[in-house]
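Data first, discussion second: the structure below is written as structure tokens.
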Protein chains: 2
Amino acid sequence: MDFSIGDLSRRTGVKVPTIRYYEKEGLLEAPLRSEGNQRRFRSSDLERLGFIKHCRDLGLPMPAIRDLIDLSQHPDKPCETANRIAEDQLKAVRQRIAHLRKLEAELKRIATSCEGDHTVTECNVLKAFGDHGLCLQEH
Amino acid sequence: MDFSIGDLSRRTGVKVPTIRYYEKEGLLEAPLRSEGNQRRFRSSDLERLGFIKHCRDLGLPMPAIRDLIDLSQHPDKPCETANRIAEDQLKAVRQRIAHLRKLEAELKRIATSCEGDHTVTECNVLKAFGDHGLCLQEH
DNA sequence: CTTGAAGCTCTAGTCGCTATAGCAATTAAA
DNA sequence: TTTAATTGCTATAGCGACTAGAGCTTCAAG
């Protein structure tokens with residue numbers, strides 16, 4: 001019951017070079033090898049890689065994922081760290097949303113500041129890109 | 001009326017190595033030099049750098065900024081390109097917001113799935129990070 | 001047994017900076 | 001005028017999280 005790196009890739013949606021990269025970075029344990037030196041993964045590796053994939057999809061940086069993996073190796077530890085990581089990431093995501101909403105407002109203003117068909121000199125879009133003073137808010 | 005690279009940095013908020021980087025990348029023209037080989041910028045460079053800064057703050061990638069600068073050198077061209085860049089960026093920002101809102105929802109669920117004070121084995125946070133099947137939506 | 005897909009390692013490139021090292025020039029104070 | 005502090009110079013390497021390519025070897029199906 002073992003998988004080639006390609007099997008793992010198909011089952012998780014993680015690309016082959018990325019799997020090798022995760023191994024190099026220590027997120028995945030180095031697997032056994034075939035006689036011809038090819039990687040042979042077990043189902044625990046499949047699970048681990050699925051975990052990493054989901055965390056990455058949720059935007060967690062690799063150090064946070066490392067911490068979570070370390071934590072899962074020590075089942076008796078309290079779960080504060082996992083909670084903190086989730087909350088930190090939630091906070092970070094909310095900050096990014098807030099920032100992007102400001103950008104959205106300014107870009108909407110900029111993109112609609114040109115009312116038709118004319119040349120660069122007359123166009124407000126370029127002026128708006130250049131001049132922060134025209135903005136409605138900080139961003 | 002010329003500025004050192006430090007003057008330019010203080011006036012625009014762009015760090016000194018970043019200014020040199022912009023010059024290397026061709027966003028800023030190579031300025032004149034002092035007798036001792038130090039950069040001496042003119043106020044047109046200050047303006048240009050302010051333009052770049054504002055565009056970067058709005059999230060434009062450098063190739064887009066290059067296009068806008070090229071455009072501003074040809075005042076007789078139609079302004080379609082500038083409009084397209086603004087609209088593309090607006091679209092990209094809206095997509096990122098939509099994505100981040102999904103992440104926010106999942107992370108909220110994950111971060112609140114732990115009701116107190118226990119160990120890793122009993123904790124839902126780690127399970128939730130590992131299992132996309134528990135998610136309420138795609139992300 | 002052959003062939004084509006898949007795997008291997010190693011290196012370099014992506015983007016937009018940022019940091020460091022080891023110098024040289026400028027500016028202000030003593 | 002000398003000195004010291006600050007600022008500037010070039011060149012190189014590093015960040016995060018991959019991705020692409022070269023050149024080779026192994027595997028699995030027919």
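Convention: sequence-line order gives letters A, B, ...; per-chain numbering from 1.
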Point to revise | Heavy-atom neighbours of E25(B) CD exceed 12 at 6.0 Å | key: yes
Check your understanding: Do S113(A) and V125(A) have side-chain heavy atoms sitting under 4.5 Å apart?
Key ->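 Side-chain contact under 4.5 Å: yes.
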Check your understanding: Would a 4.5 Å heavy-atom cut-off, applied to side chains only, mark L68(A) and L60(A) as touching?
Key ->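 Counting from C-beta outward, L68(A) and L60(A) do come under 4.5 Å.
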**Study point:** Minimum heavy-atom distance between L100(B) and L100(A), given as atom pair plus value
**Key:** CD1-CD1, 3.5 Å
Review point. What's the shortest heavy-atom distance between I110(A) and A86(B), and which atoms?
Key: CG2-CB, 4.2 Å
Practice item. Using side chain to side chain donor-acceptor pair (under 3.5 Å) as the criterion, list what pairs up with R20(B), not counting sequence neighbours. Key: none
Point to revise | Pairing of R109(A) and E106(A) as salt bridge, 4.0 angstrom limit | key: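 Looking at E106(A) together with R109(A), the answer is yes, because their closest N to O distance falls below 4.0 Å.
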**Study point:** Any residue meeting salt bridge (Lys or Arg N to Asp or Glu O under 4.0 Å) with R84(A), in chain and number order, not counting sequence neighbours
**Key:**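 Salt bridge (Lys or Arg N to Asp or Glu O under 4.0 Å) list for R84(A), sorted by chain: D88(A).
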Exercise for review: Remember a base hit wins even if backbone is also touched, and classify R39(B) as base, sugar-phosphate or nothing at under 4.0 Å, heavy atoms.
Suggested key: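 Sugar-phosphate, backbone atoms only, no base.
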Review point. Which ones in residues 52-59 of chain A lie close to DNA chain D, meaning a heavy atom under 4.0 Å from one of its atoms?
Key: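 Contacting residues: R56(A).
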Practice item. Scan residues 23-36 of chain A against DNA chain D and write down, sorted by residue number, each residue with any heavy atom closer than 4.0 Å; if none is found, say none. Key: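 Contacting residues: S34(A), G36(A).
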Study note, to complete from the structure: Students should find that the nucleotides of DNA chain C closing off the region near chain B, any atom under 4.0 angstrom from a heavy atom, are dG16(C) to dT26(C)
Check your understanding: Using the C1' atoms of the five pairs at each end, what is the angle between the end axes of the helix from dC1(C)-dG30(D) to dA30(C)-dT1(D), to 10°?
Key -> 10°
